[in-house]
Amino acid sequence: MVRRLMMDVCRVLLAAVALFGFRSNLVNSKEWWANGNYYQIYPRSFQDSDGDGIGDLNGVTQKLQYLKEIGFTGVWLSPIFKSPMVDFGYDISDFYAIHPEYGTMEDFKALVARAKQVGIRIILDFVPNHTSDECEWFVKSVNREPGYEDFYVWSNGTVDANGNRQPPSNWLSAFRYSAWQWNDKRQQYYLHQFSIQQADLNYRNPLVVSKMKEVMRYWLDTGISGFRIDALPFMFEKEPYANGSYPDEPVIDNVSVCPDPDDECHLKHIYTQDQPESIEMVYQWRELVEQYRKEKGGESIVLLTEAYTSLDNLMLYYGDGQRNGSMVPFNFYFMRNLKNDSTAPQIVDYIQQWMTHMPTGVQANWVLGNHDNSRYSTRLGVQRADLFTIMLQTLPGNAVTYNGEELAMTDGKVSWKHTVDPQGCNANRFNYESYSRDPCRTPYQWDATKNSGFSSAAHTWLPVASNYRTNNALAQLRAPKSHLQLFMKLIRLRQMRSLQDGALKIKAIGNDIIIYSREAAGDDMFVIVLNLGGNEQSLNINQYFDMGSKAEVITSSMQSGYHDGVIIDPSKYVAEPYVGVVLVKL
Ligand SMILES: *[C@@H]1O[C@H](CO)[C@@H](O)[C@H](O)[C@H]1NC(C)=O
Ligand SMILES: *[C@@H]1O[C@H](CO)[C@@H](O)[C@H](O)[C@H]1NC(C)=O
Ligand SMILES: *[C@@H]1O[C@H](CO)[C@@H](O)[C@H](O)[C@H]1NC(C)=O
Ligand SMILES: *[C@@H]1O[C@H](CO)[C@@H](O)[C@H](O)[C@H]1NC(C)=O
Ligand SMILES: *[C@@H]1O[C@H](CO)[C@@H](O)[C@H](O)[C@H]1NC(C)=O
Ligand SMILES: CC(=O)N[C@H]1CO[C@H](CO)[C@@H](O)[C@@H]1O
Ligand SMILES: [Ca+2]
Ligand SMILES: [Ca+2]
């Protein structure tokens, strides 16, 4: 099966390479991570090598060649560390051990070795905000063992007018209800910004800071190429009052936007998120990886950071002018704002906001999905999946791909009975679908065989999405035109100098059309036309970008009538409904 898939990959790649006969030059003088394409693997759902229904490290290792052939620069793995799996690995009980369901340290070493062989970098998820309540550090902290007393955020709480014990503040967990949990043994509350089993570490304790730096160095020693860092806005909280309690957060201005007092959206998170110390910690980690490289040599180490926060804060994650931070602060500004009904002028504005606010000397990045959000094929319409793929891959800088996006995978249907995500389970059988993150985590669709080729088990940990028989990697490699082939072509196109270094000139035409050019001096001019709407429109491209009388269609959405390689007259372009196209001036 693996071999069959590989042969298909090779055939398609040869065809793609042959098509790039035009002038564009390849660029290869940059840092390895620049203009990269980062692939997020959700290991539990990617490939099950031993038939227990759960994806694992050996499964990933088997597929590294496939990912390299598609053209990814690096792969980041959602957490693979030992965990009771309350939040599917984002609740780590041992930062130094591999989770047994995923394999062993030997398996991990084999994965890194194989990645080096095929030439793809491995990036690990670093989850600094919290540990599992089963973590040895937490157990020691509960017992007030020396050195661990203040490892977590503990508080006595308060006593109300009736003499009843109350949490130290009104803070809410991202997964609903109070963010404070009483611990009987220690006779104090601890803070958990996520589930009760995810206790927040106390970053105001220097021992915690140095312990986590030790963890980073440990994994760097295994030969990985960087970290993707989780949930940064939650790192620091406001300091407690001298009496040990904490200030309440105010209720949002317009309560009808989020009336449920147990839902975290009910409060303004002025004390629990986006504290300046959290961003400073990223600068410290950047210094750590720079220092590590100085000591050990080797290539640069990349940091990708996850923060749902304001545009201004996202820019600070890059650096503050004095100190550097993340190379790739995930562009959640783009992901959050871009809605199904966003118009062309709005989307152009989101793109330009990012481009103009970036500090100098850094690269943009574009992301539309991850394991926490409905897939963009589902969210923005499957008929427009290729259009958004074209957009992500042809804007300047780095692109981030969540596994399955290259196949235009859609969300799976997961019944209440099969729901396992804590955010879904904390809701109820009537509204769980608007909370559960299970649908975007269903297994990868490899082929049309049982369980989509993901696993030989009788039951997989989440059900496979029902469309796998027609929508899968193998079928897409064999079809004359497919989402995956479009993706592979785009990822190669990204190597061209105009797409790496060329300026971005972008405009909206009416409410539906986005048009932009990418051109570096002395290299080809590429023009991308995206029709977000359901109506056909005739367009004279030369009115916006001078393409002359002839342009070649490099690639376009699957349903497009313009075939790859045809020559068109740019002054008489017909923008088909929901279609994206990449043109090169001849
Ligand atoms: C703790 O101190 C703060 C600030 O002085 C005060 O507002 C709060 O009411 C006190 N809480 C208790 C339980 O005494
Ligand atoms: C918390 O309670 C303990 C036991 O009653 C007490 O010794 C300690 O001083 C209290 N801490 C604060 C900050 O009030
Ligand atoms: C409050 O939110 C509701 C629901 O989104 C909206 O209909 C209403 O106009 C908002 N009110 C104000 C004053 O913004
Ligand atoms: C930050 O990064 C820039 C661009 O890579 C580099 O020129 C500068 O020296 C770095 N600053 C520090 C403080 O490391
Ligand atoms: C997106 O909007 C279109 C109309 O513009 C609609 O047909 C489609 O159902 C919407 N998709 C989703 C997922 O809301
Ligand atoms: C996108 C992402 O990584 N989200 C994670 C943020 O952190 C919480 C808690 O660790 C996880 O539940 C999310 O999956
Ligand atoms: Ca397995
Ligand atoms: Ca925290």
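Every number for a ligand or one of its atoms is a count from 1 in the order of the listing.
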Give every donor-acceptor pair under 3.5 Å between a side-chain atom in residues 207-217 and any protein atom, sequence neighbours left out.
residue, atom, partner, partner atom, Å
S210, OG, P206, O, 3.4
S210, OG, L207, O, 3.2
K213, NZ, Q284, OE1, 2.6
R217, NH1, E295, OE1, 3.2
R217, NH2, E295, OE2, 3.3

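Taking the six-membered ring wherever Trp is involved, the centroid distance between the rings of W180 and Y152 does not fall below 6.0 Å. Within the 6.0 Å centre-distance limit, the rings of F95 and W137 are counted as a close aromatic pair.
T389 and Y376 share a donor-acceptor pair across their side chains, judged by distance under 3.5 Å alone.
For N324, a nitrogen or oxygen atom sits less than 3.5 Å from a nitrogen or oxygen atom of ligand 4, counting backbone and side chain alike.
Taking a 6.0 Å sphere around CD of Q353, one finds it holds more than 12 heavy atoms contributed by other residues, nucleotides or ligands.
The aromatic rings of Y203 and F236 are tilted relative to each other, their planes meeting at an angle between 30° and 60°.
At a heavy-atom cutoff of 4.0 Å, ligand 2 is surrounded by N156, N243.
The contact set between ligand 4 and Q322, taken as ligand atoms under 4.0 Å from a residue heavy atom, comprises 13 (C).
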Query raised in the report: Between Y190 and V142, is a side chain to side chain contact (heavy atoms under 4.5 Å, CB included) present by the stated rule, with each step listed?
Result: CA-CA 10 Å; Y190 66 87; V142 166; over 6 Å; no
